[in-house]
**Q** 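The structure's right below; bear with me while I get my questions together.
Numbers here are sequence positions counted from 1.
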Amino acid sequence: MKYLWTTLLPLCCLGAGPEAESFFSSREWGHDYLRQVSPEGIWYADANKMWQNDSALCWAGVTANLLVWGGWAHYVESQGLAEFPHAEDSVMDYYQQCWGDVGFRADQGFLWFTDGSSYSQAPQGGKLLAGRLNARELVLAYAFKEHPPEIEFMLLKAFFQAGFGVSMSVHSGATLHEITLWGYEDRGDEGFFIYFSNTDDCNGGKPYGARENGPKQLTRTQLVFDAEKGEYYLMDRAFRANQLRLFRQFDKYLIGEPETPDDARPLEYDQVRYGRIDGADDIDWYRIDAAPGDSVAVSAALLKPDHTMRLQASVYDESGKSLYASQWATDEIAPPPFKADGPLHIAISGRLSVSDDMLSDVYTVTVRQSAPAK
């Protein structure tokens with residue numbers, strides 16, 4: 001398995017993005033387990049403090065948000081290992097029950113929750129997938145101040161495009177705080193903006209009972225660089241950027257289990273959904289609820305072809321009958337449309353790239369409804 005931190009800087013050679021380029025984790029990579037949607041149509045998670053013995057638990061809220069979005073909490077529930085009836089709010093409650101009101105870090109909180117490898121003095125609990133994966137291969141802490149904006153912003157964009165859950169630790173005065181990043185908007189000369197949820201937003205320091213009753217909010221702000229200090233700031237907040245914490249999304253491949261059609265991620269017509277080949281023999285399943293008679297065109301493409309990674313797309317009906325299997329391709333698969341008799345399952349498989357570029361194993365899959373089949 002490739003490590004997350006291999007060969008970061010070459011990504012900066014991709015060049016500057018076009019004006020008004022945007023990318024959102026929950027749009028491109030899916031929002032299968034999220035409950036909140038902003039007025040702009042962006043799905044997100046936002047576990048908030050109740051201000052009752054949880055004032056230091058921003059890291060727990062951030063980790064809860066990304067465990068839910070990334071599918072980790074859903075898998076734990078599906079195995080009967082824990083129950084999270086209120087999604088990220090219940091996951092944050094779980095951290096509070098085990099940790100109390102203690103400051104920590106989101107990346108270490110992820111390790112504790114999954115395989116318990118955070119550190120020796122961590123409290124009881126967690127370790128929900130102990131012995132089934134090496135969680136340290138799935139997280140990364142990256143200092144967000146090493147390079148000038150044309151490099152740091154390109155790296156941040158690449159982390160989103162590569163499918164990582166992204167959090168940012170920030171300094172608020174003398175206090176270290178954590179927020180959950182959900183996407184970016186690159187407007188060229190007008191600036192670089194990020195979208196985030198914040199465990200402290202809108203609460204006013206007042207308790208409001210059960211965590212799931214708390215306010216939910218997605219915030220947009222410009223990320224600016226102070227050249228004199230060599231630091232990055234959130235323009236309309238008293239926040240100085242410190243570190244990014246990155247988390248891989250859940251895939252059964254990471255715990256040594258194959259995906260099946262029952263694990264299929266939902267697709268909608270014309271949605272461009274991102275995915276990742278996590279290793280040799282990894283197969284990702286998707287489902288489109290096509291109606292009988294729909295003329296369906298399935299396409300898949302590598303995000304950054306390097307001529308060593310190869311991709312294949314296969315389509316099956318609900319009975320498991322094979323309707324189409326592409327040749328192995330090094331760039332794009334675009335078979336002709338065919339008539340569907342009902343819902344379809346799509347399997348995307350890959351033969352791994354030898355590149356250390358974190359985007360080389362990322363692909364997109366799209367299903368379009370073409371003119372009615374005859």
Side-chain angles (χ1 to χ4, degrees), residues 4-29 38 40 42 44 46 58-59 61-62 65-66 105-107 139-201 217-247 303-304 357-359 362:
L4 302 187
W5 48 88
T6 54
T7 318
L8 295 179
L9 289 180
L11 290 168
C12 304
C13 299
L14 290 172
E19 290 191 11
E21 171 196 359
S22 67
F23 193 100
F24 299 100
S25 298
S26 59
R27 184 181 69 192
E28 273 73 16
W29 288 88
S38 74
E40 299 80 15
I42 304 165
Y44 67 101
D46 185 21
C58 57
W59 63 271
V62 164
N65 291 339
L66 295 176
R105 290 172 37 155
D107 52 339
V139 297
L140 169 66
Y142 173 75
F144 194 75
K145 58 182 180 180
E146 299 294 330
H147 307 292
E150 61 269 20
I151 294 179
E152 292 292 12
F153 293 162
M154 186 59 63
L155 284 172
L156 179 55
K157 290 159 69 169
F159 291 143
F160 277 112
Q161 293 165 13
F164 302 139
V166 184
S167 74
M168 177 181 281
S169 67
V170 296
H171 286 281
S172 178
T175 303
L176 195 62
H177 183 52
E178 297 208 34
I179 58 177
T180 313
L181 304 192
W182 292 102
Y184 66 80
E185 184 180 309
D186 185 353
R187 302 193 65 83
D189 293 341
E190 296 178 18
F192 188 90
F193 298 81
I194 56 173
Y195 289 74
F196 67 94
S197 56
N198 183 4
T199 58
D200 292 2
D201 265 351
Q217 178 176 314
L218 189 68
T219 300
R220 174 184 182 267
T221 191
Q222 188 174 355
L223 193 58
V224 296
F225 180 61
D226 185 327
E228 291 186 4
K229 296 181 179 179
E231 302 283 0
Y232 290 83
Y233 292 86
L234 281 64
M235 178 172 278
D236 59 350
R237 298 289 176 119
F239 290 166
R240 173 168 59 85
N242 180 45
Q243 275 195 338
L244 298 177
R245 330 271 204 204
L246 308 174
F247 309 76
L303 186 63
K304 192 179 178 187
D357 188 325
M358 71 172 74
L359 298 179
V362 176

**Q** Got a salt bridge between Lys157 and Glu21, using NZ or NE/NH1/NH2 to carboxylate O under 4.0 Å?
**A**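 A salt bridge is present here (some side-chain N lies under 4.0 Å from a carboxylate O).
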**Q** Identify the heavy atoms of Ala143 and Glu152 that sit nearest to each other, and give their distance.
**A**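 Heavy atoms of Ala143 and Glu152 come nearest at O-OE2, 4.1 Å.
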**Q** Please determine which of Phe193, Phe159, Phe153, Phe192 meets the ring pair (Phe, Tyr, Trp, His ring centres under 6.0 Å) test together with Tyr184.
**A**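 For Tyr184, the ring pair (Phe, Tyr, Trp, His ring centres under 6.0 Å) test succeeds with only one of Phe193, Phe159, Phe153, Phe192, which is Phe192.
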**Q** Backbone N or O of Ser169 within a donor-acceptor pair of the Trp59 side chain at under 3.5 Å?
**A**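 No: the side chain of Trp59 does not pair with the backbone of Ser169.
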**Q** For a quick check under 3.5 Å, do Trp182 and Ser26 share a side-chain donor-acceptor pair by atom type?
**A**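 Checked: Trp182/Ser26 side chains show no N/O donor-acceptor pair below 3.5 Å.
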**Q** What's the shortest heavy-atom distance between Ala241 and Val170, and which atoms?
**A**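 It is CA-CG1, 4.1 Å.
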**Q** Given Phe196, which of Leu218, Leu234, Thr180 fulfils the side chain to side chain contact (heavy atoms under 4.5 Å, CB included) condition?
**A**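 Of Leu218, Leu234, Thr180, side chain to side chain contact (heavy atoms under 4.5 Å, CB included) with Phe196 is met by Leu234 alone.
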**Q** So, Asp46 side chain and Gln217 main chain: donor-acceptor pair closer than 3.5 Å or not?
**A**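 Answer holds: yes.
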**Q** Quick one: closest heavy-atom pair of Phe164 and Met358, and the distance?
**A**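 Shortest heavy-atom separation between Phe164 and Met358 comes out as CE1-SD, 3.7 Å.
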**Q** Phe247 versus Ser167: any side-chain heavy-atom pair under 4.5 Å?
**A**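 In short, these two side chains touch, coming nearer than 4.5 Å.
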**Q** In the structure I gave you, are the side-chain heavy atoms of Gln161 and Val362 within less than 4.5 Å of one another anywhere?
**A**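 A side-chain contact under 4.5 Å is absent here.
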**Q** Where do Glu185 and Tyr195 come nearest, in terms of heavy atoms and distance?
**A**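 Looks like OE1-OH, 2.8 Å.
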**Q** Do Leu244 and Leu181 come close enough that some side-chain heavy atom pair is under 4.5 Å?
**A**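 Sidechains of Leu181 and Leu244: in contact.
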**Q** Would you compute the distance between atom NZ of Lys145 and atom CZ of Arg240 and round it to the nearest 0.5 angstrom?
**A**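 Going from the NZ atom of Lys145 to the CZ atom of Arg240 covers 6.5 Å.
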**Q** Using only atom types and a distance under 3.5 Å, with no angle test, would you say the side chain of Glu178 pairs donor to acceptor with the backbone of Ala106?
**A**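 The answer is yes, because a donor-acceptor pair under 3.5 Å joins these two groups.
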